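Worksheet: the structure to be examined is printed underneath.
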Amino acid sequence: IRRRKISVIGAGFTGATTALMLAQKELGDVVLVDIPQVEGPTKGKALDMLESTPVQGVDSNIVGTTDYAETAGSDLVIITAGVARKPGMSRDDLVSTNAKIMKSVTKSVVEHSPNTIIIVLTNPVDAMTYEVFRTSGFPKNRVMGQSGVLDTARFRTFIAQELNVSVEDVTGFVLGGHGDDMVPLVRYSYVGGIPLEKWLPKDRIDAIVERTRKGGGEIVNLLGNGSAYYAPAASLVQMAEAILKDKRRILPAVAYLEGEYGYNDMFLGVPTILGGNGLEKVIELELTDEEKQALDKSAESVRRVMKLLD
Ligand code: APR
């Protein structure tokens with residue numbers, strides 16, 4: 001048996017936090033990759049993290065590099081490279097810069113790890129995952145994006161706070177693109193196995209849904225010069241764990257759709273099964289007319305952004 005190898009591309013706020021969380025969970029050895037202009041800081045961050053492992057009691061090697069040869073044979077690659085949004089920007093404003101970065105990063109990743117599984121975080125994530133998918137030539141089970149774990153984490157946080165109960169006992173359910181028109185499905189949200197609608201009146205739930213939709217923007221406005229990274233990193237690590245340990249967890253992910261929910265040749269956030277083969281299945285649910293309309297609107301926004309890809 002050998003340790004699993006996980007490469008994290010982009011050693012900025014999210015990438016570095018993800019690397020540390022992966023190591024803390026002892027999910028494997030971590031290779032943190034960034035561009036030559038920041039070679040020193042990338043190596044420095046990785047070494048600093050490595051030096052935390054004796055204290056944490058974990059055996060995970062962490063290296064920082066600008067050379068993709070060091071990523072060779074990765075079991076999993078997580079892409080966080082790219083620019084983050086600033087106050088006043090939407091995720092979609094990042095599309096042209098980040099699409100170029102996705103192309104070059106993907107080519108280098110695939111050259112050295114042709115059998116890996118890729119999770120994309122870079123925004124706008126639905127379109128960026130599509131870019132990585134078509135550049136990689138990988139089958140659809142080996143390319144996915146992160147959005148729903150984070151969106152439901154925000155929803156679960158707000159519900160748990162409101163009810164003063166454990167976050168662990170709150171489950172949430174979000175469909176659609178990772179934008180302000182994402183579709184939180186209240187009727188599939190539970191607290192301790194009891195439907196959310198039995199716990200809170202509609203106006204309170206509506207307010208929490210609205211805060212969840214704008215959750216990314218709330219953080220962007222507070223930080224002033226970047227976007228969220230702790231909860232995004234934790235979300236990536238949950239997906240990574242499901243795959244690396246072949247847990248077959250039911251988690252929302254940005255998945256390639258071929259007819260599911262009535263959409264074709266695009267990536268969108270849907271419930272999935274994540275296991276050793278990556279995104280093993282898209283789970284299809286029946287939606288009410290109202291939910292389907294909301295999802296159509298979200299899918300339409302994703303399509304608009306996809307048109308900006310060349
Ligand atoms: N290859 C590798 N790394 C790159 C490349 C590239 N071609 N281009 C940029 N990077 C690196 C930057 O040098 C930087 O270190 O990506 C890193 C991005 O880090 P931050 O600027 O700290 O951004 P972060 O907050 O981590 O967000 C990254 O995740 O949530 C999304 O919207 C967010 O798209 C953004 C991404």
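These numbers were taken from a predicted model, which means no experiment stands behind them. Each ligand, and each atom within it, is numbered from 1 in the order the structure gives.
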Do any N or O atoms from the side chain of Thr106 and from the backbone of Ser136 form a donor-acceptor pair under 3.5 angstrom?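 Pair absent, no side-chain N/O of Thr106 close to backbone of Ser136.
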Between Asn277 and Asn141, which heavy-atom pair has the shortest distance, and what is it?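 Heavy-atom minimum between the residues: O-ND2, 2.8 Å.
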Write down the atom of Val282, the atom of Ala255, and the distance for their closest heavy-atom approach.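 Result for this residue pair: CG2-CB, 3.9 Å.
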Just jot down the ligand 1 atoms closer than 4.0 angstrom to any heavy atom of Thr80, in number order.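 The atoms of ligand 1 under 4.0 Å from a heavy atom of Thr80 are 28 (C), 36 (C).
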Short list, please: which atoms of ligand 1 are under 4.0 Å from a heavy atom of Asn98?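 Atoms satisfying the 4.0 Å criterion: 34 (O).
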Is it the case that the side chains of Thr71 and Ser7 hold a donor-acceptor pair, with the cut-off being a distance below 3.5 Å and no angle test?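 There is no such pair between these side chains.
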What protein heavy atom sits nearest [atom], and how far away is it?
atom                    : value
atom 8 (N) of ligand 1  : Ile101 CD1, 3.6 Å
atom 14 (C) of ligand 1 : Asp34 OD2, 3.5 Å
atom 24 (P) of ligand 1 : Thr14 OG1, 3.3 Å
atom 23 (O) of ligand 1 : Ala84 CB, 3.9 Å
atom 6 (C) of ligand 1  : Ile35 CG2, 3.4 Å
atom 4 (C) of ligand 1  : Ala81 CB, 3.5 Å
atom 22 (O) of ligand 1 : Phe13 N, 2.8 Å
atom 35 (C) of ligand 1 : Val83 O, 3.3 Å

Set of residues satisfying ring pair (Phe, Tyr, Trp, His ring centres under 6.0 Å) with respect to Tyr130, sequence neighbours excluded: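 Not a single residue meets the ring pair (Phe, Tyr, Trp, His ring centres under 6.0 Å) criterion with Tyr130.
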Using the rule side chain to side chain contact (heavy atoms under 4.5 Å, CB included), only one of Thr14, Val33, Leu22 pairs with Val8; which is it?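 Output: one option passes, namely Leu22.
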Please test Phe267 against Phe133 for ring pair (Phe, Tyr, Trp, His ring centres under 6.0 Å), starting from the C-alpha separation and ending with a verdict. CA-CA 9 Å; Phe267 277 83; Phe133 173 67; 5.3 Å; yes
Can you confirm whether Val254 sits close enough to Met128 that some side-chain heavy atom of one is under 4.5 Å from a side-chain heavy atom of the other?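 No - every pair of side-chain heavy atoms lies 4.5 Å or more apart.
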So for ligand 1, is Asn123 a polar contact partner (N or O within less than 3.5 Å, distance only)?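 There is such a contact, yes.
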Proximal candidate to atom 1 (N) of ligand 1 [heavy atom criterion; set Thr18, Thr122, Val105]: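 Of the listed residues, Val105 has the closest heavy atom.
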Quick test of your reading: applying ring-ring contact (aromatic ring centres under 6.0 Å, His included), list the pairs with at least one residue in residues 183-213, sequence neighbours left out, ordered by first then second residue.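 Checked against ring-ring contact (aromatic ring centres under 6.0 Å, His included) - neighbours excluded - the pairs reaching residues 183-213 are Phe173-Tyr188.
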Compute the minimum heavy-atom distance from Gly82 to ligand 1 and say whether it is under 4.0 Å.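 Yes.
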